[in-house]
K.L.:
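I'd like to ask some things about the structure below.
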Amino acid sequence: MSNVVIVGAQWGDEGKGKIVDLLTQFADLVVRFQGGNNAGHTIVLKGEKFVVHLIPSGILYPEKKCVIGNGVVLDPAVLIEEMDEVKKRGYFKDDSQLMVSEETHLILPYHRRIDVAREKTFKIGTTGRGIGPAYEDKVVRCGIRMVDLIDEKIFREKLEANLIQKNVYLTRVLMEKGFEFQEIFDEYLQYKERLEKYVKNTSLILHEEIQKGKHVLFEGAQGALLDLDHGTYPYVTASNTVAGNACAGSGIGPTMIHSVIGVAKAYTTRVGEGPFPTELQDELGERIRQRGGEYGATTGRPRRCGWFDAVVVNHSVRVNGIHEIVITKMDVLNDFDSIKICVGYRADGKVFDYIPSNSDLLKNVEPIYEELAGWRTEIKGVRNFKELPRHAKRYIRRIQELIRTKVSMISVGQERDETVEVKNPFIKKFSKR
């Protein structure tokens, strides 16, 4: 028995979708434990591109079970659309492959409207999908869960009570249009009919499967620097993205987690507002964006791009308890003469080897760089670390030294097989560098 958590080690968009898809071959179940449809995981299989927002990335393996955990906030319309799309493309033929926790909280139309209206006055860079307001309702104990939707009487009572408050807030504070009860009630009863058969006590099921010796892969959304507590607050998401939330967000105990894998790009990107010390607002940044196709999988927004930040990844290693790192999009840097790595920050006459909690200070830090030679060679065909160009190996080894964590795999392309040294994460065995 071995259970593994995969988390993003930067600001999200690190390529976790591909890595989860790749490592699902060694797992029995894949669990999504937090976030909503504000994150998109991209998978390329045999030249075909899939973007999933709610369904775990393991859905493309017919024999694997996929679980949407209680820590997720779920927009049922988006889930149904994803299910239909994946089915249409020849996958997810067996409905028993997917399970949704009965304790998963729902995103309602008023959450989305509130989200968009607030963004007009205080720009955080949200996707406007209603994720933050849905988590707020969860915290103040007026959230509506899947189990409530299944019981029509309870759903009616909760929706009626919520709309009294939400309509006052929308019309009198945000100056937006309110909602009629019947339009939401009728719409969501249709979702109930489609989704009811997938709703299970997934905490109980996961516990039983783990007791049987099954391997579970826990999939996070976003990245550690967007964590509500440990990210670059207030420019963060509305949930805990770190590995510790895999337990709370899926209903298992911490003793059932055996390893944590962090995923980081060979450079750094960020979507939305907030500090980004290594951001390149010049031709180099645009070059990385174009070569890496750095546009949001959910919104299509251009991602901000910059050099690899070892301070950021060190922070992620610490708050997640990361055992090993996967480096993705290494091939994007193929044609650079030189490549920089941020090894620290300078501000107010001080040098920081950690991320300051003061967001105003972080906005104004000066990155301290080391410069390494680029490899100027196509590496998509490489499958063994020893076959990488000399300067590419040096780059990886320097990252390992700076983050004090083993790099266990390197992605050199979008396809599953375009990966250097794929290893079974449920077997603790590392090759020497």
K.L.:
Any salt bridge between Lys265 and Asp13, counting N to O under 4.0 Å?
P.N.:
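Looking at Asp13 together with Lys265, the answer is no, because their closest N to O distance does not fall below 4.0 Å.
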K.L.:
Is the cationic atom of Arg346 (NZ for Lys, CZ for Arg) positioned less than 6.0 Å from the six-membered ring centroid of Phe352 and within 45 degrees of its normal?
P.N.:
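No, a cation-pi geometry is absent between Arg346 and Phe352.
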K.L.:
For the residue pair Arg113 and Phe179, would you count it as a cation-pi contact if the rule is NZ or CZ under 6.0 angstrom from the ring centre and within 45 degrees of the ring axis?
P.N.:
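The answer is yes, since Arg113 meets both limits relative to Phe179.
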K.L.:
Kindly give the heavy-atom pair with the smallest separation between Ala264 and Val313, and that separation in Å.
P.N.:
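Ala264 and Val313 have their closest heavy atoms at CB-CG2, 4.3 Å.
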K.L.:
What do the steps show when you test Arg304 against Phe276 for side chain to side chain contact (heavy atoms under 4.5 Å, CB included), and what is the final call?
P.N.:
CA-CA 8 Å; Arg304 301 154 66 190; Phe276 183 0; 3.4 Å; yes
K.L.:
Quick check: does any side chain N or O of Asn38 sit under 3.5 Å from a backbone N or O of Arg129, one acting as donor and the other as acceptor?
P.N.:
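No, because the side chain of Asn38 does not come within donor-acceptor range (under 3.5 Å) of the backbone of Arg129.
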K.L.:
Using the rule side chain to side chain contact (heavy atoms under 4.5 Å, CB included), only one of Leu333, Leu402, Ile341 pairs with Phe308; which is it?
P.N.:
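Among Leu333, Leu402, Ile341, the one meeting side chain to side chain contact (heavy atoms under 4.5 Å, CB included) with Phe308 is Ile341.
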K.L.:
Once side chain to side chain contact (heavy atoms under 4.5 Å, CB included) is applied, do any residues pair with Glu81, and if so which ones, sequence neighbours excluded?
P.N.:
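Side chain to side chain contact (heavy atoms under 4.5 Å, CB included) check on Glu81 returns nothing, list empty.
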K.L.:
With Asp229, which of Asn240, Asn245, Thr241 fulfils side chain to side chain donor-acceptor pair (under 3.5 Å)?
P.N.:
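Option passing the side chain to side chain donor-acceptor pair (under 3.5 Å) with Asp229: Asn240.
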K.L.:
Taking the side chain from Arg376 and the backbone from Ala373, do they hold a donor-acceptor pair closer than 3.5 Å?
P.N.:
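Not a single qualifying donor-acceptor pair exists.
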K.L.:
Does Lys87 reach the main-chain N or O of Glu82 with its side chain, forming a donor-acceptor pair under 3.5 Å?
P.N.:
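Checked: no pair found.
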K.L.:
List the steps and the verdict of side chain to side chain donor-acceptor pair (under 3.5 Å) for Glu418 and Gln414.
P.N.:
CA-CA 7 Å; Glu418 292 177 332; Gln414 291 183 317; over 6 Å; no
K.L.:
Could Lys16 and Glu14 be called an ion pair, given the rule that one side-chain N must be under 4.0 Å from one carboxylate O?
P.N.:
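Salt bridge between Lys16 and Glu14, a charged N being under 4.0 Å from a carboxylate O: yes.
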K.L.:
For Glu209, does the CD atom sit with more than 12 other heavy atoms under 6.0 Å from it, leaving out its own atoms?
P.N.:
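It does: Glu209 CD has more than 12 such atoms within range.
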K.L.:
For the aromatic rings, using the six-membered ring if either is Trp, is the centroid distance between Tyr61 and Tyr91 under 6.0 Å?
P.N.:
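No, the ring centres sit 6.0 Å or more apart.
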K.L.:
Has Asp348 got more than 12 heavy atoms of other residues, nucleotides or ligands less than 6.0 Å from its CG?
P.N.:
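Counting neighbours around CG of Asp348, 12 or fewer heavy atoms of other residues, nucleotides or ligands fall under 6.0 Å, so no.
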K.L.:
Checking side chain to side chain contact (heavy atoms under 4.5 Å, CB included) against Arg416, which of Leu22, Val44, Ile19 comes through?
P.N.:
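The side chain to side chain contact (heavy atoms under 4.5 Å, CB included) with Arg416 is passed solely by Leu22 among Leu22, Val44, Ile19.
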K.L.:
Going through the distances and angles, do Arg404 and Val317 end up as a side chain to side chain contact (heavy atoms under 4.5 Å, CB included)?
P.N.:
CA-CA 9 Å; Arg404 298 181 290 278; Val317 168; over 6 Å; no
K.L.:
Taking Tyr354 for its side chain and Asn314 for its backbone only, find out whether a donor-acceptor pair lies under 3.5 Å.
P.N.:
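No: the side chain of Tyr354 does not pair with the backbone of Asn314.
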K.L.:
Has Lys18 got a side-chain atom pairing as donor or acceptor with Glu415's backbone, closer than 3.5 angstrom?
P.N.:
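At least one qualifying donor-acceptor pair exists.
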K.L.:
With a cut-off of 6.0 Å (strictly less than), are more than 12 heavy atoms of other residues, nucleotides or ligands near CD of Glu187?
P.N.:
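Check passes, neighbour count above 12.
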K.L.:
With no hydrogens and no angle check, is any side-chain donor or acceptor of Arg270 less than 3.5 Å from a backbone partner on Arg303?
P.N.:
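Flag not set: sc Arg270 to bb Arg303 has no pair under 3.5 Å.
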K.L.:
Just by distance, do the side chain of His215 and the backbone of Ser2 share a donor-acceptor pair under 3.5 Å?
P.N.:
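Yes, His215 side chain to Ser2 backbone: donor-acceptor pair under 3.5 Å.
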K.L.:
To check you understand the geometry: which heavy-atom pair defines the closest contact between Phe426 and Val216, and what is its length?
P.N.:
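For Phe426 and Val216, the tightest heavy-atom pair comes out as CE2-O, 3.7 Å.
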K.L.:
Evaluate the ring planes of Trp375 and Tyr395, with Trp represented by its six-membered ring, and classify them as parallel (under 30°), tilted (30 to 60°) or perpendicular (over 60°).
P.N.:
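Plane angle between 30° and 60°, so tilted.
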K.L.:
Between Glu102 and Arg145 (salt bridge meaning N to carboxylate O under 4.0 Å), is one present in this structure?
P.N.:
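Salt bridge absent between Glu102 and Arg145.
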K.L.:
Run the salt-bridge test on Lys65 and Asp94 with the 4.0 Å N-O cut-off and return the result as yes or no.
P.N.:
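No, no charged N to carboxylate O under 4.0 Å.
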K.L.:
Do NZ/NE/NH1/NH2 and the carboxylate oxygens of Lys406 and Glu324 come within less than 4.0 Å?
P.N.:
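Here Lys406 does not pair with Glu324 in a salt bridge, since their nearest N and O are not under 4.0 Å apart.
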K.L.:
On the ring face of Phe336, is Arg287 found with NZ or CZ under 6.0 Å from the centre and within 45° of the axis?
P.N.:
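Yes.
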K.L.:
Assess whether a salt bridge exists between Glu401 and Arg397, defined as any Lys/Arg side-chain N lying under 4.0 Å from an Asp/Glu carboxylate O.
P.N.:
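Looking at Arg397 together with Glu401, the answer is no, because their closest N to O distance does not fall below 4.0 Å.
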K.L.:
Give the C-alpha distance, both sets of side-chain angles, the deciding distance and a yes or no for salt bridge (Lys or Arg N to Asp or Glu O under 4.0 Å) between Glu294 and Lys329.
P.N.:
CA-CA 11 Å; Glu294 295 297 351; Lys329 293 203 166 185; 3.0 Å; yes
K.L.:
Strictly distance-based, threshold 3.5 Å: is any side-chain N or O of His315 a donor or acceptor partner for the main-chain N or O of His230?
P.N.:
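Between the backbone of His230 and the side chain of His315 there is a qualifying donor-acceptor contact (under 3.5 Å).
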K.L.:
Is it the case that His105 and Asp137 place a side-chain donor and acceptor less than 3.5 Å from each other?
P.N.:
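No, Asp137 and His105 have no side-chain donor paired with an acceptor closer than 3.5 Å.
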K.L.:
Hey, is the main chain of Ile322 close enough, under 3.5 Å, to the side chain of Arg318 for a donor-acceptor pair?
P.N.:
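Absent.
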K.L.:
Quick one: do Ser316 and Val7 satisfy side chain to side chain contact (heavy atoms under 4.5 Å, CB included)? Show the steps, please.
P.N.:
CA-CA 9 Å; Ser316 294; Val7 292; over 6 Å; no
K.L.:
Main chain of Gly58, side chain of Asp21: is a donor-acceptor contact present, judged purely on distance under 3.5 Å?
P.N.:
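A pair under 3.5 Å: no.
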K.L.:
Would Tyr345 and Asp309 count as a side chain to side chain contact (heavy atoms under 4.5 Å, CB included) if you check the C-alpha gap in whole Å, the side-chain angles of each, and the deciding distance to 0.1 Å?
P.N.:
CA-CA 10 Å; Tyr345 304 145; Asp309 191 333; 2.6 Å; yes
K.L.:
Charged N to carboxylate O below 4.0 Å: is that the case for Lys120 and Glu176?
P.N.:
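Salt bridge between Lys120 and Glu176, a charged N being under 4.0 Å from a carboxylate O: yes.
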